[in-house]
Amino acid sequence: VEIGSLAPRGSHEIIMTLHGQGPRGGGRFGQTTPPLVDFLKDILRRYPEGGQILKELIQNAEDAGATEVKFMYDETEYGVESLWSNDMAQYQGTALYVYNDAVFTTEDWNGIQEIARSRKREDPLKVGRFGIGFNSVYHITDVPSIFSGDQIAMLDPHQMLFGVHESGQCWNLKSDIKEITELNDQFAPYFGLLGSSEKTIKDGNFPGTLFRFPLRMKPSQLSNNIYNKEKVLELFESFRVDADTVLLFLKSVQKVSLHVRESDGTERMLFQVTASDSQEDKMEWPNALKTLGQAIDSYSNGVLSSSVTCATYQLSIEVRDETAKETQKTTWLVCNGVGGRGMCGELDSLADDLKFIPTIGIALPLTLIDEDKGATSCVSGRAFCFLPLPLGEESMTGLPVHVSGFFGLTDNRRSIKWREVDQWRDPAALWNELLIVTVIPRAYFTLIMETIRRIQTKKDQDFPLSPRGIYGAWPDPNRIRPRWKPILEPLFNDLLQQPVIYSLNRSWVQVDETIFSDLDSSMDTTETVIKYLQSSGMMLAQVPAYIDAILTIFVTKPGSLRRVTPSFVRQTLRKCRHRGSSNEKLLLLEFILSDACYNDLIGLELLPLQDETFTVFSSSVNDKDAVYIASEEYPRSLYPGLEGRFVLESIAPHVMTSLKEAAKSRASCLLLWLSDF
């Protein structure tokens with residue numbers, strides 16, 4: 001129908017309603033998207049406020065390649081005369097600023113406007129790939145703004161400030177300079193702080209990114225959450241809890257600081273955390289990142305590899321608390337691994353579908369390990385997805401190291417997805433389980449082996465971990481959480497084939513070369529037994545109880561796990577005669593009698609005689625070879641001149657008791673207790 005043909009030209013207006021019908025009749029139908037405010041409210045419901053908000057902004061900086069992030073609570077009240085509109089006056093006061101030294105790209109400007117879909121999914125190397133990260137700032141503000149490069153943009157999800165159905169406005173520092181200059185009060189909050197100055201306006205470019213979040217002073221349609229100084233400082237405090245680990249697995253951001261600017265313009269730094277590479281090898285960190293980058297490129301491009309590419313570097317993290325005037329420094333050994341394409345077909349298939357990369361990072365503290373108690377007494381291992389997941393049961397692993405991975409997370413980014421009965425086929429949960437059994441064990445293995453290598457080659461001051469301290473890096477099966485237990489078998493299958501045991505001879509040996517001692521050091525016999533076995537060429541080692549338990553579980557080859565026992569010492573004495581002092585012989589005798597296996601004494605030249613010589617425990621039945629133990633009824637005085645036929649009477653009472661038991665049992669036909677007659 002031609003509209004013009006319905007009425008002659010010049011006639012009165014005709015009001016009409018057109019009803020459309022489908023091919024089979026019926027009315028209009030289809031799903032609609034909720035209003036922007038409702039959509040954001042749903043995100044805020046699922047994404048609780050707290051220190052995680054600051055982490056999300058660090059993630060954005062990491063994605064952009066920034067090296068530094070600053071948070072600043074600013075109490076400055078800016079002018080309200082020259083504004084876009086009078087409604088903007090309420091956003092000219094107290095605000096939270098976030099600065100980083102990277103500049104927004106065109107993709108970043110587009111991405112921050114697309115709240116339902118994160119552009120970071122297209123680049124799996126980006127940390128904050130879920131699209132909800134930035135929008136968590138709506139817990140704090142109603143009108144976030146961004147100043148980066150040559151643009152200043154403001155967002156208004158309520159669509160009330162810039163026109164009907166307009167959810168924001170953007171100004172260019174060059175083409176819109178006239179309006180920016182005229183609306184001086186409106187743009188004053190973006191100049192004169194955190195690296196932005198009058199020169200920025202003159203140059204028409206800000207070489208960084210500045211977020212401004214005016215604090216919500218009254219409830220809004222978006223949120224009833226009102227923010228003030230106390231709540232911002234609570235945010236800062238919750239960030240401090242993770243401050244010493246927040247930079248552990250980041251590749252770009254190396255410094256984060258918290259600042260306050262008072263209403264009079266006085267600015268002070270509250271807190272700063274800095275990551276720095278090894279003083280000894282400045283290129284270790286960048287070279288490691290280069291290796292990992294090449295491995296990631298190879299995996300993404302389908303290049304086949306049957307192994308995990310690992311790169312290890314030493315990292316120092318310094319936390320400076322200006323309020324308490326305290327500085328704490330922790331040294332870490334960090335191993336990052338990238339799985340090879342072709343190692344696991346199912347993992348590769350999921351990687352392609354989910355746009356994930358099988359990357360893993362493991363960090364071992366070098367300055368907090370207690371040699372006797374192990375690392376678990378000092379570091380409670382947590383799970384990271386590049387940045388630490390929120391502190392709680394969900395993020396605890398029970399490992400003595402921190403583990404970061406390209407994990408599939410729940411949609412609020414608070415925890416790792418696991419397969420449950422009602423979501424057994426969830427691809428992200430399956431991906432996590434495969435990552436745990438394929439890539440993590442190999443990276444963990446590499447970390448421990450690299451730690452040993454550094455202990456061997458570096459001086460104490462360069463590498464603060466002692467040889468026995470390395471056992472603190474081994475996961476304890478009794479502490480590890482059930483979800484993480486699949487790491488153990490593949491890890492120990494590889495590890496226990498290597499020289500990972502530190503012997504008492506101060507050398508690294510394999511399990512099957514080692515004799516393990518759990519003897520009580522307070523016992524008189526212990527030192528003598530160890531000294532004798534070492535002189536016989538044995539490699540002895542003492543390990544913590546949980547390491548011994550690991551060996552018991554995972555060393556399955558018969559005869560591979562040997563321990564210092566009376567039986568083992570008796571076997572050794574048959575092959576290697578003891579050539580030490582009489583006192584040492586008596587202590588060895590005491591030890592080999594301690595398990596009461598008297599039948600196993602035959603052939604050992606450790607039977608002490610009254611004439612201070614030693615004879616062999618014999619199976620001879622010849623009376624002239626007999627050795628007697630005196631008794632009250634038959635004292636040795638009744639047999640003058642036969643000192644060479646009597647057991648030494650001055651030996652320890654419990655040793656004499658054992659010899660009497662041996663005589664009674666006829667384990668040695670040579671040894672006779674005269675009370676038996």
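What's counted below: heavy atoms across the whole structure, side chains too, no hydrogens, waters or symmetry copies.
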Minimum heavy-atom distance between Ser300 and Ile357, given as atom pair plus value: OG-CD1, 3.4 Å
Heavy atoms from other residues, nucleotides or ligands near CD of Glu394 exceed 12 (cutoff 6.0 Å): no
Worked verdict on Leu222 versus His158 for side-chain contact (heavy atoms from CB on, under 4.5 Å): CA-CA 8 Å; Leu222 186 58; His158 290 96; 3.6 Å; yes
Donor-acceptor pair between Asn205 and Lys174 side chains, under 3.5 angstrom: no
Where Asp185 and Gly79 come nearest, the two heavy atoms and their spacing: CB-O, 3.3 Å
Pair Tyr227, Thr141: side-chain N/O donor-acceptor within cut-off below 3.5 Å: no
ring-ring contact (aromatic ring centres under 6.0 Å, His included) evaluation trace for Phe386 with Phe249: CA-CA 5 Å; Phe386 305 97; Phe249 298 106; 8.7 Å; no
Centroid-centroid distance, Phe71 to Tyr99, less than 6.0 Å: no
Audit row: Arg382, Leu391, side-chain contact (heavy atoms from CB on, under 4.5 Å) steps and yes/no: CA-CA 8 Å; Arg382 286 176 62 187; Leu391 190 60; 3.6 Å; yes
salt_bridge(Asp426, Lys417) N-O dist < 4.0 Å: yes
Minimum heavy-atom distance Ser257-Met269, with the two atoms named: CB-SD, 4.0 Å
Arg212/Asp74 ion pair, N-O < 4.0 Å: no
Any side-chain donor near an acceptor of the partner, Ser220 and Asp142, under 3.5 Å: yes
Trp418 and Trp431 aromatic centres sub-6.0 Å: no
His259 ring center near Tyr73 ring center (under 6.0 Å): no
NZ/NE/NH1/NH2 to OD/OE distance under 4.0 Å, Lys282 and Glu284: no
Taking every non-hydrogen atom, the tightest pair across Thr438 and Cys344: CG2-CB, 4.2 Å
Donor on one side chain, acceptor on other, Thr245 and Asp242, under 3.5 Å: no
Modelled atom types, side-chain donor and acceptor of Asn336 and Tyr313, under 3.5 Å: yes
Test: Arg240 and Glu237 ion pair at under 4.0 Å: yes
Heavy-atom pair with the smallest gap, counting every atom of Leu350 and Pro427: CD2-CB, 3.7 Å
Ion pair check, Glu262 and Lys229, cut-off under 4.0 Å: yes
Full working for side-chain contact (heavy atoms from CB on, under 4.5 Å) between Leu292 and Thr359: CA-CA 9 Å; Leu292 294 166; Thr359 59; over 6 Å; no
salt_bridge(Arg261, Glu75) N-O dist < 4.0 Å: no
Cation-pi, Tyr299 ring and Arg341 (6.0 angstrom, 45 degrees): yes
Qualifying residue for ring pair (Phe, Tyr, Trp, His ring centres under 6.0 Å) with Phe104, from Phe147, Phe134, Trp109, Phe206: Trp109
Separation between CG of Leu387 and CG of Leu248, rounded to the nearest 0.5 Å: 10.0 Å
Between Phe187 and Trp171, ring centroids under 6.0 Å: yes
